Colleague: 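Below is the structure I would like to discuss, written out as structure tokens.
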Amino acid sequence: MTVKAMTSKEVTKKVFNKEPLFILDVRNESDFQDWKIEGENFDYYNIPYFELLDGVEGILDKIPANQEVLVVCAKEGSSLMVAEMLSEQGLTASYLQGGMKAWSEHLEPVKVGDLNDGGEVYQFVRIGKGCLSYMVVSNGEAAIIDATRMTDIYLDFANEIGAKITHVFDTHLHADHISGGRVIAERTGATYWLPPKDATEVTFEYEALAGGNVVTIGNTAIDIHALYSPGHTIGSTSFVVDSKFLLSGDILFIDSIGRPDLAGMAEDWVAELRESLYSRYRELSEDLVVLPAHFMIIDELNEDGSVSEKLGTLFTKNHGLNIEDENEFRKLVTENLPPQPNAYQEIRETNMGKINPDDEKQREMEIGPNRCAVR
């Protein structure tokens, strides 16, 4: 009996559709506890593959016989071996094609809304990493915001819909993933925008994002609000697109707010973070649809797999926006923080242009969950 490969795209659809799936994860326990495939109706069993080298008979009572089983490992090889063993025992088993490395890199485009003058906004959901990037399309032109290093996906998507990429933005200097913004700009001739307060050490040319700038994409205006706060950085910048969408970067998420410690300035930047969230954002329309640069937990996904919510709703429901006591707020964002992202210093240096690791090294640097938020 042959086993089939299940792609990251197929697993993503199961996450979006809230389908049941049993996952047998054969990585080491510490890797599984740190980072796994998450789905609302997924069940799991974790056992290192080296404990199964002599066969799977000892775990058959842990594996459902009437449900599809997906075997997962780091790169693919071990999961294929275990899936074949399960198949020989009469179970329906698949293996994750490319393993968790492929899961980390998958991007799923989802349309999140229409523009007033006949354009669209697409969100690219990096389901395994919690990263969110965007393409704003209007009258044959496109802007990309917070691109990942998987640049071909954006270029191919723009080509499919007949749009020319003319502008590329990063809301801040990312510390948890490597930006594809500069590469996309180089390959398309687009203008690359970066907040100047985040760019004091970069080694390349860029256009300075500054509050009050308006960049036109086709028939659509992107209003740049210099909302400086430490989602990761002092330069974090928000965009209002078409007076309808608020791209909040790593300042504000759906269920949490940005952590201020990844540049070593947590205590110094808490006041700026509070000022942005509690004063500057309060001046914006509550009808704006917030589109953040990350999500933290699978519960933040909407029914269609997108991540968004109206600003007014977040003022009511997001705990990080409802802490009246400043000392309590300071404690939230400076104490009991989650572990820092893997290799975040190297990632920052890569995004500055100071180092240029090869593709395999970049993959290794990014492996692991999203750790951008506090809640």
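Worth saying up front: this structure is predicted, and the values here are computed from it rather than measured. We're numbering straight along the sequence, starting at 1.
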Colleague: Under the criterion salt bridge (Lys or Arg N to Asp or Glu O under 4.0 Å), I'd like the reasoning laid out for Glu286 against Lys310: C-alpha separation, chi angles, the key distance, then a yes or no.
Modeller: CA-CA 7 Å; Glu286 292 192 358; Lys310 285 200 172 182; over 6 Å; no
Colleague: So, using salt bridge (charged side-chain N to carboxylate O under 4.0 Å, His left out) as the criterion, who are the partners of Lys101 when residues are at least two apart?
Modeller: Glu360
Colleague: Can you confirm whether Leu24 sits close enough to Leu86 that some side-chain heavy atom of one is under 4.5 Å from a side-chain heavy atom of the other?
Modeller: yes
Colleague: Does any non-hydrogen side-chain atom of Glu19 lie less than 4.5 Å from one of Glu68?
Modeller: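 Result no, sub-4.5 Å side-chain heavy-atom pair not found.
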Colleague: Ile144 and Ala147: which non-hydrogen atoms are nearest, and at how many Å?
Modeller: CG2-CB, 3.7 Å
Colleague: Going by side chain to side chain donor-acceptor pair (under 3.5 Å), Ser179 matches just one of Asp170, Thr148, Thr151. Which one?
Modeller: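 It is Asp170, the one option of Asp170, Thr148, Thr151 that forms the side chain to side chain donor-acceptor pair (under 3.5 Å) with Ser179.
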Colleague: With a cut-off of 6.0 Å (strictly less than), are more than 12 heavy atoms of other residues, nucleotides or ligands near NZ of Lys13?
Modeller: no
Colleague: For His174, run the side chain to side chain donor-acceptor pair (under 3.5 Å) check against Asn351, Thr350, Asp146, Asp198 and tell me which one passes.
Modeller: Asp146
Colleague: Going by salt bridge (charged side-chain N to carboxylate O under 4.0 Å, His left out), name the residues that satisfy it together with Lys354, two or more places apart in sequence or in a different chain.
Modeller: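 Listed in chain order: Glu201.
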Colleague: How about Tyr49: does its OH atom have over 12 heavy atoms from other parts shown lying under 6.0 Å from it?
Modeller: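 Atom OH in Tyr49 is not packed in, count stays at 12 or less.
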Colleague: Do any N or O atoms from the side chain of Asn219 and from the backbone of Ser138 form a donor-acceptor pair under 3.5 angstrom?
Modeller: no
Colleague: Side chains of Ser238 and Tyr281: any donor to acceptor distance under 3.5 Å?
Modeller: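 Short answer, yes.
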Colleague: State whether a side-chain donor-acceptor pair under 3.5 Å links Asn28 with Ser30.
Modeller: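 No, because no side-chain N or O of Asn28 sits under 3.5 Å from a partner of the opposite role on Ser30.
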Colleague: Any non-hydrogen side-chain atom of Ile297 less than 4.5 Å from a side-chain atom of Glu300?
Modeller: yes
Colleague: To the closest 0.5 Å, what do you measure between OH (Tyr44) and CZ (Phe32)?
Modeller: 7.0 Å
Colleague: Is a donor on one side and an acceptor on the other found under 3.5 Å between the side chain of Tyr134 and the backbone of Ala293?
Modeller: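 Checking the backbone N and O of Ala293 against the side chain of Tyr134, no donor-acceptor pair under 3.5 Å is found.
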Colleague: Would you say NZ of Lys18 has more than 12 non-hydrogen atoms from neighbouring residues, nucleotides or ligands within 6.0 angstrom?
Modeller: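 Yes, enclosed.
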Colleague: How about CG on Asp358, more than 12 heavy atoms from neighbouring residues, nucleotides or ligands closer than 6.0 Å, or not?
Modeller: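 Counting other residues, nucleotides and ligands, CG of Asp358 exceeds 12 neighbours.
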Colleague: If you count heavy atoms of other groups shown closer than 6.0 angstrom to CD of Glu57, is the number above 12?
Modeller: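 It does: Glu57 CD has more than 12 such atoms within range.
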Colleague: Checking Asn318 side chain against Ser256 main chain: does a donor-acceptor pair fall under 3.5 Å?
Modeller: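 Answer holds: yes.
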Colleague: Can any side-chain N or O of Tyr278 pair as donor or acceptor with the backbone N or O of Asn322 at less than 3.5 Å?
Modeller: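 Yes; judged by distance alone, with no hydrogens or angles, the pair exists.
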Colleague: Has Glu328 got a side-chain atom pairing as donor or acceptor with Ile323's backbone, closer than 3.5 angstrom?
Modeller: no
Colleague: Is the His294 ring parallel, tilted or perpendicular to the Phe253 ring (thresholds 30°, 60°)?
Modeller: perpendicular
